[in-house]
Amino acid sequence: MAVLDQGPPHYKKMLPPIVQENYGQWKYHEIPSPGVLKHVAESGATLYSVRVGTPRLVSIDFIRDVCVIADEYCDGFLRWTTRNNIEFLVSDEAKLNPLLEKLEAEGLSVGGTGRSISNIVHTQGWVHCHTPATDASGVVKAVMDDLYEYFNTMKLPAKLKMGLACCLNMCGAAHCSDIAIVGVHRTPPRINHDVIRKGTEIPSLVASCPTGAIRPDPKNKSVIVNEDKCMYCGNCYTMSPGMEIYDPKNDGIAILIGGKTSNARSAPSFSRMVIPFLPNTAPRWPETTEAIRKIIELWIANARKGERVGEWVERIGWEKFFSLAELPFSDMLIDDYIFSRETFRTSASFKY
Amino acid sequence: MTEKKTPLLDELETGKWPSFVTEIKRAAVKSEAAGELLQVLERSYAERRGHWKHGGIVGVRGYGGGVIGRYVDEPQTYPHVAEFHTIRLLQPSGWFYNTKTLRTVCDIWEKHGSGLTNMHGSTGDIILLGCKTDQIQPIFDEFSEAGFDLGGSGSCLRTPNCCVGPGRCEHACYDTLEACYNVTNEFMDELHRPMWPYKSKIKFSGCANDCTSSIARSDCSVIGTWRDTLRIDQDAVKEYVANKFDIQEMVCDKCPTKCLSFNAETQELSVVGEDCTRCMHCINMMPKAIRAGKEKGATILIGGKSTIVQSAFMSWVIVPFMKMETEDDFEPFKDLMRRIWEWWDEHGKSRERIGETIYRLGMTKFLQGIEVEPVPQMVFRPRANPYVFWNQDDLDRSGTALDGSKL
């Protein structure tokens, strides 16, 4: 009989001896080379962590391969990061270079530290989600292939954190990323009255619409959508399968930039939309990879040392960003939802 | 199994970044379901749309969540993924593993499921991707035997997670690994049996660098901080100077409150402690020379969530400083969470995250409800309108009679 509510495995059983011995006693760290962190404890103990990118969606064979490496070089200990990277924990300095050689031989990607792009936090997309407006893993693969040189080096002005959400539910919480890739719908839901009649709580469906675009249709035992009010969030589809919103011709990707969650230097900030729509050109999304590369190259060319994307844009001004980036500014980029007014310029100073 | 072609997906096996397509193909060698997933996905790539349906209710005995039902929209064409459910497992704090544990996960999952995983899901769980309905209970029973438990799904406390903390970071201001473990265990019922208006998330970050992005990604963000003044080691400062590190440009000029000054002659760095807002920038730049103060704890923030429905919110401060000591079992924090959830449970509408409930009803009512006194650290600046909701007690205390006497 299964034990209920036993909770997660105890983390203490998962910590390598060097971590147990120096727990809470770490003094400083440095990054001797891209992808390698060196943590030094008060005791003088030194722990190397070698960071390896993964596709997040991995097979058990991949995990077993990784275990073989961890057994040989890390006494059987490793960890994952918040951004789906693996960190091999090396307590014996003599094993560091052999490990790096092994990883290279196995074709694993070492990087993602300091002034680099870390792995893109992302969602399920077409692989396993029921509400996606784009794929997740495929877009991430295409973008990371294109930007690989910024993953395994540290030549950016500052760290770059990217997120991808395949719909506005934003399970990947892309909304505070340096660069956010967001799947968007652009057409209202198509009502399937039969499906709604068969099994939808109509009051909940009506209440789910943030703009009040859905009202009950008692005669039909269904609902009516005021299409002028719909902003295609897809929340109604989450409430009822009778509100299909996917649209192969019109679904695609929006690009938002300048967010961060760290408090360092400036307060955490939201990403802001700079490109309202790019098409879902599977399998490699060339419009998306190109747009992101251009923004990153502009940032590299213009930012001061240590300036994250949002800090750079805020310093030069968004109006300046749009002219430098040669991106069209349109009414689609001016907020007309609930908290719009705080984004309007209530000052007579600005640039051209 | 007949080999079927996937020309579009095959294009995602080129390039330097590791390929999820290769991973699905590896799983497909042993699992027919993984093979069929490739076919469904190839079709999505050709048609530019998803093929998964809304979940029906699936689960294990005694729990209200932890398994997410997933069905393909054409079960006759794809019988092996007609049922392709997701199982969430609680991860060990900080995602530390020994290889024995990882191999156990692989072995059980190989026996009962597709062999595909997410390491890890956005909320932090180990995600096992794709199994049939009749396998769910056996999977849970075996994982339970091996020391694992299900994560959260639905309108419950979602699986908490934390940064690497004192396990490997000099910045950790409290024990995030223990806090996450302890709090997760305390609220097992809230996690496994959905009972609230909507989901609720907690993330533990050891310092204001917020490596779990708790401020954006959780309803309750617990961010490590300190209350006294940061500590500077002047000998180490001189070492940075000797190594040609530009302290003025990279540290002092970027300090948001300009509380640091560097004397190039004496090579000394000094701080005006009361001006510092503890943003972490200088410590990030000079970890060998600058460290947090000694009086450590955490700032508690509430309300973070993503876009759906009322826009994305970042969490805001409700307790500027709370001790987060292991010895007291994190009791003050747990008490606060109970009061917060009770208030939300009473006032929240269906599918309304706590930040949205507070926004709809007002921060004042929320603070009164959870019995927390207002302090200026909660706001960037006070209100610019005079629309105060006065209650009778306030009127009685501050009213003046017509003859000028106090009422």
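By convention in this document, chain letters (A, B, ...) are assigned in the order of the sequence lines, proteins followed by strands, and residues within each chain are numbered from 1.
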If the threshold is 4.0 Å, N to carboxylate O, is there a salt bridge linking Arg103(B) and Asp71(A)? yes

Could you tell me whether Arg168(B) and Glu87(A) make a salt bridge, using a distance below 4.0 angstrom between a side-chain N and a carboxylate O? yes

Okay, Tyr337(A) and chain B: the region with an atom under 4.5 Å from a heavy atom over there is side chain

With side-chain contact (heavy atoms from CB on, under 4.5 Å) as the criterion, how do Asp5(A) and His192(B) come out once you've worked through the C-alpha distance, each side chain's angles and the decisive distance to 0.1 Å? CA-CA 8 Å; Asp5(A) 297 336; His192(B) 285 137; 2.6 Å; yes

Part of Asn118(B) within contact of chain A (heavy atom distance under 4.5 Å): both

Using heavy-atom distances under 4.5 Å, tell me whether Leu168(A) contacts chain B through its side chain, its backbone, both, or neither. both

Contact origin within Cys282(B) toward chain A - heavy atom pairs under 4.5 Å: neither

Tell me, for Ile86(A) versus chain B, whether the close heavy atoms (under 4.5 Å) come from the side chain, the backbone, both or neither. neither

If we define contacts as heavy-atom pairs under 4.5 Å, which of Leu108(A), Thr123(A), Thr134(A), Ile63(A) has the most with chain B? Ile63(A)

Is there a side-chain contact between Pro18(B) and Ser109(A), using heavy atoms and a 4.5 Å cut-off? yes

Report which part of Val58(A) has an atom under 4.5 Å of a heavy atom belonging to chain B: side chain, backbone, both, or neither. both

Side chain from CB out, backbone as N, CA, C, O: work out which of these in Asn209(B) comes under 4.5 Å of a heavy atom of chain A, or both, or neither. both

Which answer fits Thr211(A), side chain, backbone, both or neither, if we ask what part of it has an atom under 4.5 Å from a heavy atom of chain B? neither

Structural part of Ser214(B) lying under 4.5 Å from a heavy atom of chain A: neither

Toward chain A, the part of Met285(B) with a non-hydrogen atom under 4.5 Å: side chain

Lys/Arg N to Asp/Glu carboxylate O, Arg64(A) vs Asp107(B), below 4.0 Å: yes

Charged N to carboxylate O under 4.0 angstrom, Arg304(A) versus Asp253(B)? no

Quick one: what part of Ser350(B) sits under 4.5 Å from any heavy atom of chain A, side chain, backbone, both or neither? neither

Counting heavy-atom pairs under 4.5 angstrom with chain A, the leader among Cys163(B), Cys106(B), Pro92(B) is Cys106(B)

One option among Phe140(B), Tyr63(B), Phe143(B) has the most heavy-atom pairs under 4.5 Å with chain A, and it is Tyr63(B)

Which bit of Cys233(A) comes within less than 4.5 Å of chain B, counting heavy atoms only: side chain, backbone, both or neither? both

Is His175(A) reaching over with its side chain to a backbone N or O of Ala312(B), donor-acceptor style, under 3.5 angstrom? no

Please look at Asp135(A) and chain B and tell me whether the side chain, the backbone, both or neither of the residue comes under 4.5 angstrom of a heavy atom of that chain. side chain

Show, in sequence, the C-alpha distance, side-chain angles and deciding distance for Val164(B) and His39(A), and conclude whether the side-chain contact (heavy atoms from CB on, under 4.5 Å) test is met. CA-CA 13 Å; Val164(B) 69; His39(A) 283 84; over 6 Å; no

Is it the backbone or the side chain of Leu41(B) that comes under 4.5 Å from a heavy atom of chain A, or both, or neither? side chain

Just wondering, do Arg48(B) and Asp251(A) contact through their side chains at under 4.5 Å, heavy atoms? no

CZ of Arg278(B) to CG of Asn263(A), rounded to nearest 0.5 Å, is 10.5 Å

Can you find a heavy atom in the side chain of Ser122(B) that is under 4.5 Å from one in the side chain of Arg56(A)? yes

At a 4.5 Å cut-off on heavy atoms, which part of Tyr237(A) comes close to chain B: side chain, backbone, both, or neither? both

What part of Ile215(B) lies closer than 4.5 angstrom to a heavy atom of chain A: side chain, backbone, both or neither? side chain

Under 4.5 Å between any side-chain heavy atoms of Tyr181(B) and His10(A), yes or no? yes

Does Lys305(A) form a salt bridge (charged side-chain N to carboxylate O under 4.0 Å, His left out) with Asp246(B)? I'd like the steps, not just the answer. CA-CA 11 Å; Lys305(A) 202 175 169 193; Asp246(B) 191 336; over 6 Å; no

Could you walk me through whether Lys288(B) and Val40(A) pass the side-chain contact (heavy atoms from CB on, under 4.5 Å) test, one step at a time? CA-CA 10 Å; Lys288(B) 287 182 188 172; Val40(A) 180; over 6 Å; no

For the pair Asn169(A) (side chain) and Ile308(B) (backbone), establish whether a donor and an acceptor sit closer than 3.5 Å, ignoring hydrogens and angles. no

So which part of Thr184(B) gets closer than 4.5 Å to some heavy atom of chain A, the side chain, the backbone, both or neither? side chain

Side chain / backbone / both / neither for Lys100(B) at chain A, heavy atoms under 4.5 Å: neither

Relative to chain B, which segment of Val68(A) carries a heavy atom at a distance below 4.5 Å: side chain, backbone, both, or neither? both

Flag the pair Tyr148(A) / Trp17(B) as yes when at least one side-chain heavy-atom distance between them is below 4.5 Å, and no otherwise. yes

Taking the side chain from Thr82(A) and the backbone from Cys211(B), do they hold a donor-acceptor pair closer than 3.5 Å? yes

Note, Leu177(B) side chain near Tyr23(A) side chain (heavy atom, < 4.5 Å): yes

Output, in order, the C-alpha distance, side-chain angles, deciding distance and verdict of side-chain contact (heavy atoms from CB on, under 4.5 Å) for Met280(B) and Ser262(A). CA-CA 9 Å; Met280(B) 292 300 295; Ser262(A) 158; over 6 Å; no

Residue among Met286(B), His120(B), Glu47(B), Lys25(B) with most heavy-atom pairs under 4.5 Å to chain A: His120(B)

Is Ile126(B) in contact with chain A via its backbone, its side chain, both, or neither, using a 4.5 Å heavy-atom distance? neither

Tyr11(A) versus Glu178(B): any side-chain heavy-atom pair under 4.5 Å? yes

Under 4.5 Å from any heavy atom of chain A, what part of Tyr174(B) do you find: side chain, backbone, both or neither? neither

Interchain contact, Phe62(A) with chain B, by part (heavy-atom threshold 4.5 Å): both

Donor-acceptor pair, distance only, cut-off 3.5 Å: does the side chain of Glu170(B) make one with the backbone of Trp26(A)? no

Results of side-chain contact (heavy atoms from CB on, under 4.5 Å) for Thr86(B) - residues two or more places apart only: His128(A), Ile68(B), Ile127(B), Leu129(B)

I'd like to know if Glu42(A) pairs up with Arg291(B) as an ion pair, taking the criterion as any Lys NZ or Arg NE/NH1/NH2 lying under 4.0 Å from an Asp or Glu carboxylate oxygen. yes

Heavy atoms only: give me the nearest Gln6(A)-Ser144(B) pair and the separation to one decimal. NE2-O, 2.8 Å

Using non-hydrogen atoms only, which part of Ser137(A) is less than 4.5 Å away from chain B: side chain, backbone, both, or neither? both

With a 4.5 angstrom heavy-atom cut-off, which part of Arg193(B) approaches chain A: side chain, backbone, both or neither? side chain

Under 4.5 Å heavy-atom distance to chain A, tell me which part of Glu110(B) shows up: side chain, backbone, both or neither. both

So Pro241(A) and Lys53(B), do their side chains get closer than 4.5 Å, heavy atoms only? no

